[in-house]
Amino acid sequence: MDRMPAWADAILVPLISLILAAALSALVIIGIGEDPIAAVKLMVAGSLGSTYGWGYTLYYATNFIFTGLAVAVAFHARMFNIGGEGQATLGGLGVALACLYIPWPHWSLAILAACGMAALFGAAWAFLPAYLQAKRGSHIVITTIMFNFIAAALLNYVLVNVLRPEGSMDPATARFPDAAKLPTLHELLAPLGIEFSRAAPANVSLVIAILACIFVYLLIWRTKLGYQIRALGHSEPAARYAGISPVKITIIAMLISGGLAGLMAINNVMGEAERLVLNAVEGAGFIGIAVALMGRNHPLGVFFAAILFGFLYQGGAELALWTSIPRELIVVIQALVILFTGALDNMVRMPLERLFLTFRRKGS
Amino acid sequence: MAQELDTGRQATAAPAIELKGISKAFGPVQANKDISIRVMPGTIHGIIGENGAGKSTLMSILYGFYKADAGEVFINGRKTEIPDSQAAIAAGIGMVFQHFKLVQNFTVLENVILGAEDGRLLRPSLAKARGVLKQLAEEYELNVDPDALIQDLSVGHQQRVEILKALYRQADILILDEPTGVLTPAEADHLFRILDNLRREGKTIILITHKLREIMDITDTVSVMRRGEMTATVKTEGTSPEELAELMVGRKVLLRVEKKAGNPGEKVLEVEGLTVTDEAGVVRLKGIDLHVRAGEILGIAGVSGNGQSQLLQVLGGICAATGMVRVNGASIDLSGKYSDGQSRRARGIGHVPEDRQQEGLIMDFAAWENIAFGYHNDPRFGAGIFMSHAEMMADTEGKMSRFDVRPPNPRLAAKNFSGGNQQKIVVAREIERNPDLLLIGQPTRGVDIGAIEFIHEQIVRLRDEGKAILLVSVELDEIMSLSDRVAVMFDGQIMGERLPHETDERELGLLMAGIQGEPDKPVIEAVDEMMARKQAEEEAAHNG
């Protein structure tokens, strides 16, 4: 063995990266004349100190779980799907169509249909970039990012010209019918005797997100399809040798990835806004990249990374609300976390690895 | 300049190179352990050892790529620090790598002066280099057209440019790392003549190789390395290949494959007019005809890059072709649309690919995951959409014990096994499927001697069970000792078929160079001529 133990790799490295990012962020906060300790207290209290705070943290986390899983699945086939934003936008369109035009008797049926439509629309939006990559070699990073813009423009057109209710000045759909309203965590937990904030947007989609994590785990590590996806991701010549079609697997992996990104819409569109508005995704597609990076493309890692980013989002909003620390600085802190956990991974890993080796040699 | 080259010979009796107590560890792996050698000036010293024995690490220390953890280097009796390759060059050391470091679209002359220009203007340096090259060519039979582009030269000529580069930098000590791996036998002979001339002029040469025959042919002294240690240094005259092999592996090794006479049966594989054109429009296979019978090993000899890879790929379902291929009498689809590795396996074709690290294995997968590679849809490894990890694990454990894979740990990632053990995993996977036809490419490339012996036994055993085997190898020794019939490929064509006991390396070598029935012609000229013709054809194909 010439490497450090798995627990150090999975937990210690991101933890140290986080601490470094936090330390640097503290310096920045000191630099603008604020108190970093007070800022941290406020962030923690605002995002984890109450069920209201948790409700927002988990709401954001649910978005990031879906987009993070989307990036992770594509990455196992060695594709960088940065089109989560556009795929989630289209997912929202699918959800809106399912909720607006079919009179559902109960939310449980509505969510099934909404899931199906969200995944279908998200996957459809990923299909063309996937096809172009597989057949024509057009780089998926370029095509998916272009498709983000096309998705935004398409949504704009559809909202303004097709789905906007008559007489409304707002480029948004009508409110979804009450039967399509998803139960919030407040409603879900009340029968269990747990008091949860009524105002927080976290809803039953969180359960779907957790199911999606389990689905991705089973897909990637237990199924024949996942085996082929990983094999292709590691080596295309090897995949060809084994009779795994790179074209087929590339497209399938991207469809699954796009479907997962699209699923995000059941949380933000159906669960929270209860109508489709412009820019409903709010950058969650891009945060998904950081989440997957930090979570090492493993569903469990994605889950925890998503909660961390949910905390940063909600805590950041609280900071902006209660202190004179501007909103932009919150983005700086998030960027630092991404930089340290993603891009500067080896900066922490290499010294740590050496440290472990020295200890082991002394021990033996 | 010429005088300096001539006085390269050292009059003193100090060794040209002396290493004392060199140690180097990578993490917990001790790559070199307390190694000491002395190489006298004007001699050729061989370093032989299995893969991973530490030969390359030792030479990398000498050339300044790695820093030794302990130990000293003496050049011509003086203690010398070699922190980088610049220092190595300054100390008179030149290195010829296995993979050449030449700029393809520069001329020979430009490559030779690259990094050794005098002043800002190129013209004086080029003029000087031209003179030096002319001199070196006469002295050592190192003829290369100084104005030719590297990309137009044969591999043998490119290697000469590497040697010229080192000599131009006034190297007195030349290190050659596996220099004959890419050469035809004739080119290798020429290389050895050059090395002989260099030795006569007082240069010191270190030859790293795994081929015992080369060691016996040309070296004065030889050091054997095993697991990071230098197990012996002996005079070549006083040793034998058997003794060296034993020193390398640490036990007695059979150098020849023991096999009974074959008993060929029905034709299992029939190939007619097989033609492949690659994406660049170059015709890689030009109408191949061959067949392999049950219970027979057909060896395909040839210098690498003459279409052998494409032949294996077509038969293995990796690339499309035109022509006719029949397996057990039934023709198989070559269009590539409805055929792939999966359908080939279903037809009873096993395939040990030429490059196990790029193709045969997923290096990051554990051994147990690799055991199902290519056969992942087999219901045995799980019905429905899920894979049965327990079944794969059990299968891996069985194969590991039957094929003596070490360490027998199914959870270890493929990349953490040695080359020989990686190959055993691939061979076990393909052979135990009991294929009617086994395609096997470079079965022992980068494989240690102990594992070579084992893999050869397995191939012969499969033949004796009545299976057809198509063997592609660039190692002529391997082809000669394993094959029941030998076909030689050159430039996408079969140049001829021979029976191993009715031919010799010289005849096969000529065929490998594309020469039929002109035995009177000096070999090296014929090779050059052929290479030039091949080059022109490829250019024509590119332009057309």
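In what follows, chains are A, B, ... by sequence order, proteins preceding strands, each numbered from 1.
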Where does B:E369 contact chain A at under 4.5 Å (heavy atoms): side chain, backbone, both or neither?
both

Whatever's closer than 4.5 Å to a heavy atom in chain A on B:F365 counts as side chain

Does A:A238 offer a backbone N or O that forms a donor-acceptor pair with the side chain of B:Q358 under 3.5 Å?
no

B:H376 versus chain A, heavy atoms under 4.5 Å apart: side chain, backbone, both or neither?
both

Given a strict heavy-atom distance threshold of 4.5 Å, which part of B:R356 is in contact with chain A: side chain, backbone, both, or neither?
neither

Has B:Y375 got more than 12 heavy atoms of other residues, nucleotides or ligands less than 6.0 Å from its OH?
yes

With respect to chain B, which residue among A:H234, A:Q228, A:R354, A:R240 yields the maximal number of heavy-atom pairs within a distance under 4.5 Å?
A:H234

What heavy-atom pair brings A:Y241 and B:H351 nearest, and what distance separates the two atoms?
OH-O, 2.6 Å

More than 12 foreign heavy atoms under 6.0 Å from CZ of B:F386: is that the case here?
yes

Minimum heavy-atom separation for B:I362 to A:A231, with atom names?
CD1-O, 3.5 Å

Contacting region of B:D355 [heavy-atom separation from chain A under 4.5 Å]:
neither

Can you tell me if CZ on B:F417 sees more than 12 non-hydrogen neighbours from other groups inside 6.0 Å?
yes

With chain B as the partner, which of A:G226, A:G243, A:S245, A:S235 has the greatest number of non-hydrogen pairs under 4.5 Å?
A:G243

Residue, of B:G317, B:A372, B:G316, that accumulates the most heavy atom pairs under 4.5 Å with chain A:
B:A372

Under a 3.5 Å distance rule, please check whether A:K224 uses its side chain to pair with a backbone N or O of B:F381 as donor and acceptor.
no

